[in-house]
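Note that the coordinates shown come from a computational prediction; the quantities given were computed from them, not determined experimentally. Sequential numbering from 1 along the given sequence is applied to the chain's residues.
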Amino acid sequence: MELFNSALGKNITFVHPAFFIIGGLTGIPNITLYYVFLFFVYIVSVVGNTVVMAVIYLDHNLRTPKYIAVFNLAFVDLFGNTALVPKVLDIFLFGHYYIPYNDCLTFLFFCYTCLSLQSFNLVALSYDRMVAIIFPLHYQVKVTHRFMFSLIASLWVFTIIAVLISVGLLTRLSFCKSVVINSYFCDHGQIYRLACNDHFPSYVIACLYPVIIFWLPLAFILLSYLYIGYTLVKVATLQEGLKAFKTCIGHLSLVAIYFIPLLTTFTLMEKIQPNARIINLSLTSVFPPMLNPIIYVLQTQEIKESLKRLLKRRGKSKITI
């Protein structure tokens with residue numbers, strides 16, 4: 001971050017603390033049980049997302065552009081929960097509340113990168129569904145492997161740059177008084193509010209990024225499904241429309257699980273009691289990665305059939321041996 005600071009100003013001294021203290025939940029009896037619950041959610045998430053990635057990798061029938069996005073979503077879910085939950089357990093179950101300054105910014109970077117990529121990945125999946133239903137004859141031309149790989153790579157690059165900018169701006173803040181972060185992780189909003197110098201650029205980022213990362217993707221997804229619904233009403237019979245829309249149920253479930261609690265928490269953040277805010281945010285962070293693979297296995301016919309084929313093949317190989 002020295003390069004970032006030197007690029008924006010010369011001979012500027014910032015007061016950086018040796019560490020931050022994660023405040024977490026306070027005054028709640030038996031709170032240890034909540035962190036144990038998060039651990040079990042994490043285990044289910046790891047198993048579920050690993051299974052989805054393994055099925056897509058092993059079954060050549062799933063090597064389609066759509067499942068490139070599904071694989072990426074499973075990877076981001078697994079990566080995000082692995083970056084967040086083990087560290088949260090280390091902080092609160094083992095009492096390691098003090099986090100070195102640089103480690104805290106690194107923790108923030110990985111958490112926000114994965115949270116943002118989940119949103120953008122749902123956009124990629126909604127675009128795939130829109131083209132598949134509205135332009136079925138052009139789908140193979142419009143949504144190719146190359147296009148999907150390029151789209152996913154672009155989303156990764158954009159997200160990493162955006163989060164790096166927010167982290168870079170935090171390094172230009174001085175912390176003269178409290179170093180206690182009233183959250184369960186190194187939360188951007190809670191950190192910049194502790195600064196004793198001008199934190200207006202970080203405030204702008206805190207206002208702008210939710211619009212870019214959450215509201216605009218949600219608007220695109222909703223508009224794409226309105227377009228799908230409008231097209232189906234015009235050109236398809238009721239039975240054909242329901243059959244086509246059935247292919248979107250899994251994706252719509254993911255959208256609802258991800259956006260509704262997240263945007264509710266962010267919108268009402270100032271009005272929610274601190275402990276309630278932390279619990280809402282922590283559940284919002286860990287539940288979608290756990291539920292996403294379960295929903296895709298239950299709602300997506302291709303993955304269910306693929307799992308049956310792989311299990312049958314494994315059973316035959318055992319009998320042969």
Side-chain angles (χ1 to χ4, degrees), residues 22 24 38 41-42 45-46 48-49 69-89 91 99 103-126 152 154-170 181 183-192 202 205-221 251 253-269 272 277-293 295:
I22 305 297
L38 289 184
V41 170
Y42 171 66
S45 171
V46 169
N49 285 297
V70 173
F71 186 95
N72 186 63
L73 179 63
F75 174 76
V76 169
D77 285 344
L78 179 61
F79 185 40
N81 260 6
T82 301
L84 177 66
V85 178
K87 187 63 179 175
V88 169
L89 297 179
I91 292 168
I99 300 186
D103 291 359
C104 193
L105 295 187
T106 303
F107 187 23
L108 181 153
F109 170 78
F110 284 114
C111 289
Y112 276 97
T113 296
C114 294
L115 190 67
S116 304
L117 281 168
Q118 288 170 5
S119 173
F120 290 132
N121 216 93
L122 292 173
V123 170
L125 285 168
S126 72
I152 297 297
S154 301
L155 295 176
W156 271 88
V157 170
F158 174 80
T159 302
I160 288 171
I161 291 173
V163 178
L164 278 176
I165 289 171
S166 66
V167 173
L169 289 172
L170 288 179
I181 300 172
S183 188
Y184 66 102
F185 77 116
C186 293
D187 191 337
H188 176 268
Q190 298 301 316
I191 291 175
Y192 84 77
S202 291
I205 290 291
C207 295
L208 181 64
Y209 276 17
V211 175
I212 296 173
I213 294 170
F214 302 127
W215 286 109
L216 287 181
L218 179 60
F220 177 86
I221 292 167
H251 179 253
S253 302
L254 302 189
V255 170
I257 288 167
Y258 177 80
F259 281 105
I260 292 174
L262 191 71
L263 292 176
T264 300
T265 303
F266 274 102
T267 303
L268 303 175
M269 188 171 288
I272 300 176
R277 176 181 60 80
I278 292 172
I279 290 174
N280 284 346
L281 242 137
S282 59
L283 290 177
T284 299
S285 300
V286 300
F287 254 78
M290 180 194 74
L291 293 174
N292 288 351
I295 287 169

Distance-minimising heavy-atom pair for [X] and [Y]:
| X | Y | value |
| --- | --- | --- |
| A256 | P261 | O-CD, 3.6 Å |
| K87 | I99 | CE-CD1, 4.0 Å |
| A69 | L125 | CB-CD2, 3.6 Å |
| T159 | L155 | OG1-O, 2.7 Å |

Output the distance between atom [atom1] ([X]) and atom [atom2] ([Y]), rounded to the nearest 0.5 Å.
| X | Y | atom1 | atom2 | value |
| --- | --- | --- | --- | --- |
| Y184 | Q190 | OH | CD | 11.5 Å |
| S166 | I191 | OG | CD1 | 9.5 Å |
| L283 | I278 | CG | CD1 | 12.0 Å |
| I260 | T284 | CD1 | OG1 | 11.0 Å |
| S202 | L170 | OG | CG | 4.5 Å |
| L216 | S119 | CG | OG | 9.5 Å |

Would you say the ring centroid of F79 lies under 6.0 angstrom from that of F110?
-> yes

4.5 Å side-chain heavy-atom contact, [X] and [Y]:
| X | Y | result |
| --- | --- | --- |
| T113 | I160 | yes |
| L262 | F214 | yes |
| I205 | H188 | yes |
| L89 | Y42 | no |

Using the test disulfide (SG to SG under 2.5 Å), find all partners of C114 that sit at least two apart in sequence or belong to another chain.
-> none

For [X] and [Y], take the angle between the two ring planes, folded into 0 to 90°, and tell me which bin it lands in: parallel under 30, tilted 30 to 60, perpendicular over 60.
| X | Y | result |
| --- | --- | --- |
| F120 | F158 | perpendicular |
| F75 | W156 | tilted |
| Y112 | F185 | tilted |

Would the distance check show the side chain of [X] and the main-chain N or O of [Y] forming a donor-acceptor pair, the cut-off being under 3.5 Å?
| X | Y | value |
| --- | --- | --- |
| H251 | L122 | yes |
| N81 | M290 | no |
| Y209 | A162 | yes |
| S45 | V41 | no |
| N292 | P288 | yes |

Yes or no on side chain to side chain contact (heavy atoms under 4.5 Å, CB included) for V76 and N49, after CA distance, side-chain angles and deciding distance?
-> CA-CA 9 Å; V76 169; N49 285 297; over 6 Å; no

List the steps, then state whether disulfide (SG to SG under 2.5 Å) holds for C186 with C104.
-> CA-CA 6 Å; C186 293; C104 193; 1.9 Å; yes

Identify the residue among L291, L281, L38, D77 that makes a side chain to side chain contact (heavy atoms under 4.5 Å, CB included) with V286.
-> L38

